[in-house]
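Data block below; observations after.
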Amino acid sequence: MGNFIEDIIENDLNSGRVKSIVTRFPPEPNGYLHIGHAKSICLNYYGTAVKYNGKFFLRFDDTNPAKEEDEYVKSIIEDVKFLGAQPIEIRFASDYFEFMFECAVKLINKGLAYVDDTPAEEIKKMRGDFNTSGINSKNRDKSIKENLMLFSDMREGKYKDGQMVLRAKIDMSSPNINFRDPVLYRIMHISHHRQKDKWCIYPMYDFAHTIEDFLEGITHSICTLEFENHRPLYDWVAINCELTPAPNQYEFARLNLTRTVMSKRHLKNLVDNKVVDGWDDPRMPTIQGLKRRGYTASSIKTFCEKIGVSKANSTVDIALLESCIRQELNDEADRAMAVLEPLRVEIVNRDKDFNEQLDFEYNPKLEGKIRKISFSNEIYIEKDDFCIDPPTGYKRLTVDGAVRLKGAYIIKYVSHEVDKNGQVCLVRAEIVSNSKSGSDTSGVKAKGVIHFVDAKNCVDIEFRLYNYLMDESGEKLNEQSLTVAKGKGERVLECDDIKTYQFLRNGYFIKDSKSKGLVFNKVVGLKDSFNG
RNA sequence: AGGGGUGUCGCCAAGCGGUAAGGCACUGGAUUUUGAUUCCAGCAUUCCAAGGUUCAAAUCCUUGCACCCCUGCCA
């Protein structure tokens, strides 16, 4: 299955328009990357540069010093690396400023750009609207000589912020508003994160981006749909600045996901208002959030392949993202036992000092390979795995019932105790003789299998159970996006590695990279067809 | 005086005049010491709508309709 970008590339390769492919990922370093950016990175890197044996640049589009910071540069580089994309080079648009300035001078010399001292508000008014043609600026027909001088003065810092701009001279009556003499340069006396105070005029996106692409030999400049209206201007700059061979722009639909938000503004609010723990909160759709949540780079890449690339606005069901990591972890993750809501069970037909080490197959890939799990006369099971008044189809422990303990014995109900709130606080059970896992000759058939943890040989664990950031409408915050459970787990979990496990019947969990104690983040649940 | 895009299953998405791929979700059923996994089966007589061209239309034409983007000295 191909996508329209591949069609274009293959046509270009076959027709000889281009000999090899060069793409780029051009973020502005003004925030953290999220899964929508991952879609773009995967498209530009894996989907084109790698697939067609071309080149890929990571380029910071740092043409607006008011918004950009080195902190973001660092995190973006890290995230791109995490996703496995290997740019042949990391570039900065700001390194091209001198060339851009020369391009601007060239436009002035051609009579295609002019310096305008009309106030911003006035320019806006004179631009007209969808139903009204714009009005030419009084500065539109100034001489080339005068424009050259004024533009030079702009660069020299002779004017204040907003006092003048350089504008392209195109068509104030164009139905495409981007053609109504767009601003090419504005004055900003702000220190740039890399250029510091070298410049006080900064190029605008439409002008700069074409030049950046040209300078890197980008053959296919792939961006999102909202830039479609800018493409004529992109081409205008290439032609009039004589950038040959000219790069070409193509647009695809940005990613939307159900049950979360992707807009920088919204995500920043969540961070600023401490609704989440930070940009790397495991609920965030940021790359760092997904990583901390337990999403692997390959699962994100798989997701990006599965969603496809098209021009249709769409919202992908987050279940698809989940299925990608679930499938990978199902194949890879070590299994272990942990109890989120512990209920104590006493084995009445064993001594106080009874202890046994039982075999446990801990990884689906390593068939037959086992490690030992501890079992004694006192264990924890999940609260939900014992029920006095079970719904139909319930396959766990019930009054007078029996259930298999995974990897251990079948236990049979003996009695239970209830606390002052009416909650079951203790169950007594007995081991069914000859029911040991792997050598069961008891003849007793248990309805189901449940997991457990040896109460005398376990560790305390905090489980962080994440839910979607947004409610079903996608408009309101999900108030229950995080619940915390204090439970128990096997001793093997007490280690420093950041490792993902499948806790049997509970889902996939990864040790939280930021917490000191034993804290596990729920990556994603198992499928559950039981609706009891 | 408006312009630029997009409409194929619940959600993505192939399809490019020869009779609707695939994934996710969902529903059965089999196997299972994870209500998981795996396996097998089902899931668009129809492609936004209505006309037209054709032996043949999701694909071509016409006319509508719906949704998205555009009036920053943001990117």
Side-chain angles (χ1 to χ4, degrees), chain A residues 1-3 7 26-28 30 61-64 66-68 116 118-121 123-125 127-134 161-167 173-180 182-188 201-202 204-206 208-209 223-232 251 253 255 258 264 302-303 305-324 326-327 330-331 335 337 361 364 393-396 403-408 410 435 437-438 440 446-451 502-507 525-532:
Chain A
M1 160 181 129
N3 61 53
D7 291 348
E28 182 185 20
N30 69 347
D61 204 358
D62 54 351
T63 57
N64 183 355
K67 292 189 171 181
E68 297 144 8
D116 195 354
T118 308
E121 295 221 341
I123 287 182
K124 182 186 164 87
K125 273 187 211 151
R127 189 125 44 205
D129 60 36
F130 299 141
N131 299 303
T132 320
S133 178
D161 287 11
Q163 199 171 145
M164 354 202 121
V165 290
L166 181 73
R167 287 229 258 172
S173 64
S174 172
N176 184 341
I177 310 259
N178 293 313
F179 262 16
R180 322 247 267 223
V183 170
L184 265 23
Y185 268 91
R186 76 286 214 186
I187 298 170
M188 284 200 266
I201 56 170
Y202 291 92
M204 298 285 289
Y205 170 87
D206 289 302
H209 209 85
C223 62
T224 43
L225 247 28
E226 65 268 28
F227 291 101
E228 269 178 320
N229 295 325
H230 295 242
R231 191 171 62 233
E251 312 84 15
L255 172 66
T258 59
K264 200 171 285 172
T302 302
F303 172 73
E305 282 164 4
K306 286 187 173 185
I307 57 177
V309 177
S310 77
K311 293 181 76 107
N313 286 315
S314 61
T315 301
V316 176
D317 191 338
I318 199 163
L320 181 58
L321 210 213
E322 294 173 337
S323 79
C324 292
R326 191 187 284 122
Q327 190 192 78
N330 177 57
D331 296 341
R335 314 281 124 128
M337 293 205 277
E361 284 195 37
Y394 189 77
K395 290 167 42 170
R396 291 105 99 155
V403 76
R404 160 139 251 135
L405 296 174
K406 174 71 182 179
I410 296 174
S435 68
S437 182
D440 184 351
K447 284 175 295 186
V449 181
I450 64 172
H451 60 280
Q502 185 201 97
F503 293 158
L504 255 50
R505 302 207 305 135
N506 273 324
L526 264 17
K527 278 203 191 175
D528 188 0
S529 57
F530 177 61
N531 301 306

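The sequence lines fix the lettering, A, B, ..., with proteins before strands; numbering per chain opens at 1. Every heavy atom of this structure was used, including side-chain atoms; hydrogens, water molecules and symmetry mates were not.
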Nearest heavy atoms of A/R396 and A/I450, plus distance in Å: CG-CG2, 3.5 Å
Rounded to the nearest Å, what distance is computed from the CD atom of residue A/E305 to the C1' atom of nucleotide B/C12? 15 Å
A/E228 CD - B/G4 P separation (whole Å): 11 Å
A/K395 side chain, from C-beta outward: closest of B/G35, B/U34, B/U37: B/G35
Polar side chain donor-acceptor pair, A/S174 to A/N176, under 3.5 angstrom: no
Watson-Crick or G-U wobble partner for B/A41, using a 3.5 Å limit on both distances? B/U27
Can you tell me the pairing partner of B/C65 across any strand shown, Watson-Crick or G-U wobble, with both distances under 3.5 angstrom? B/G7
Would you indicate what A/G134 reaches in the nucleic acid, counting non-hydrogen atoms under 4.0 angstrom: base, sugar-phosphate, or nothing? nothing
Give A/G507 one of three labels, base, sugar-phosphate or nothing, depending on what nucleic acid heavy atoms sit under 4.0 Å from its own. nothing
Student check: side-chain heavy atoms of A/V403 and A/K447 closer than 4.5 Å: no
Pairwise P distance, B/U32 and B/U45 [rounded to whole Å]: 37 Å
Hey, is A/E361 close enough to A/R335 for a salt bridge, meaning N to O under 4.0 Å? no
Within this structure, what is the CG-to-C1' distance between A/L321 and B/C11, rounded to whole angstrom? 13 Å
Any chance you could lay out the side-chain contact (heavy atoms from CB on, under 4.5 Å) test for A/N506 and A/L526, step after step, and finish with the verdict? CA-CA 7 Å; A/N506 273 324; A/L526 264 17; over 6 Å; no
Name the nucleic acid region contacted by A/T315, choosing base, sugar-phosphate or nothing; use a 4.0 angstrom heavy-atom cut-off, strictly under. sugar-phosphate
Let's test your reading of the model: under 3.5 Å, does the base of B/G4 pair with the side chain of A/R231 as donor and acceptor? no
Using the C1' atom as the reference point in each nucleotide, state the distance between B/G17 and B/A75 in Å, no decimals. 43 Å
Just how far, in rounded Å, is P of B/U37 from CD of A/E322? 14 Å
Assess whether side-chain contact (heavy atoms from CB on, under 4.5 Å) is satisfied between A/K395 and A/V449, documenting all intermediate values. CA-CA 8 Å; A/K395 290 167 42 170; A/V449 181; over 6 Å; no
Under 3.5 Å for both donor-acceptor distances, Watson-Crick or wobble: does B/U32 have a partner, and if so which one? none
Name the nucleic acid region contacted by A/Y394, choosing base, sugar-phosphate or nothing; use a 4.0 angstrom heavy-atom cut-off, strictly under. base
Distance between the P atoms of B/U54 and B/U59, in whole angstroms? 16 Å
Considering only the C1' atoms, how many Å lie between B/G22 and B/A44, rounded to the nearest integer? 14 Å
For A/D7 and B/A14, give me the distance from atom CG to atom P, rounded to whole Å. 9 Å
Determine the contact category for A/R396: base if any of its heavy atoms lies under 4.0 Å from a base atom, sugar-phosphate if only primed atoms, P, OP1 or OP2 are that close, otherwise nothing. base
Rounded off to whole Å, could you give me the CG-to-P distance for the A/D528 and B/A25 pair? 14 Å
Evaluation steps, side-chain contact (heavy atoms from CB on, under 4.5 Å), between A/M188 and A/I201: CA-CA 6 Å; A/M188 284 200 266; A/I201 56 170; over 6 Å; no
What integer number of Å spans the P atoms of B/G28 and B/G64? 47 Å
Between A/D62 and A/K67, does any side-chain N to carboxylate O distance fall below 4.0 Å? no
Below 4.0 angstrom from OP1 or OP2 of B/A13, is there any side-chain N or O of A/S310? yes
Taking pairing as Watson-Crick or G-U wobble with both contacts under 3.5 Å, can you name the mate of B/G2, or confirm there isn't one? B/C70
With a non-hydrogen cut-off below 4.0 angstrom, is A/G438 in contact with a base, only sugar-phosphate, or nothing? base
With rounding to the closest Å, how many angstrom separate the P atoms on B/A13 and B/C48? 14 Å
Evaluate salt bridge (charged side-chain N to carboxylate O under 4.0 Å, His left out) for A/R505 paired with A/D528, printing each intermediate quantity in order. CA-CA 9 Å; A/R505 302 207 305 135; A/D528 188 0; over 6 Å; no
Can you tell me how far P in B/U8 sits from the matching atom in B/A50, rounded to whole Å? 16 Å
When you check every protein heavy atom under 4.0 Å of nucleotides 68-75 of chain B, what one-letter string (B, S, -) results, 5' to 3'? SBBBSBBB
B/C60 versus B/G5 - spacing of their P atoms, nearest Å: 16 Å
Let me know the distance between CG of A/N131 and P of B/A1, rounded to the nearest Å. 10 Å
Heavy atoms under 4.0 Å, any strand shown: does A/S323 hit a base, just sugar-phosphate, or nothing? sugar-phosphate
Opposite nucleotide pairing with B/U19, Watson-Crick or G-U, both atom distances under 3.5 Å: none
Anti/syn call for B/G72, syn if |chi| within 90°: syn
Separation of atom CG in A/D331 from atom P in B/A36, rounded to whole Å: 16 Å
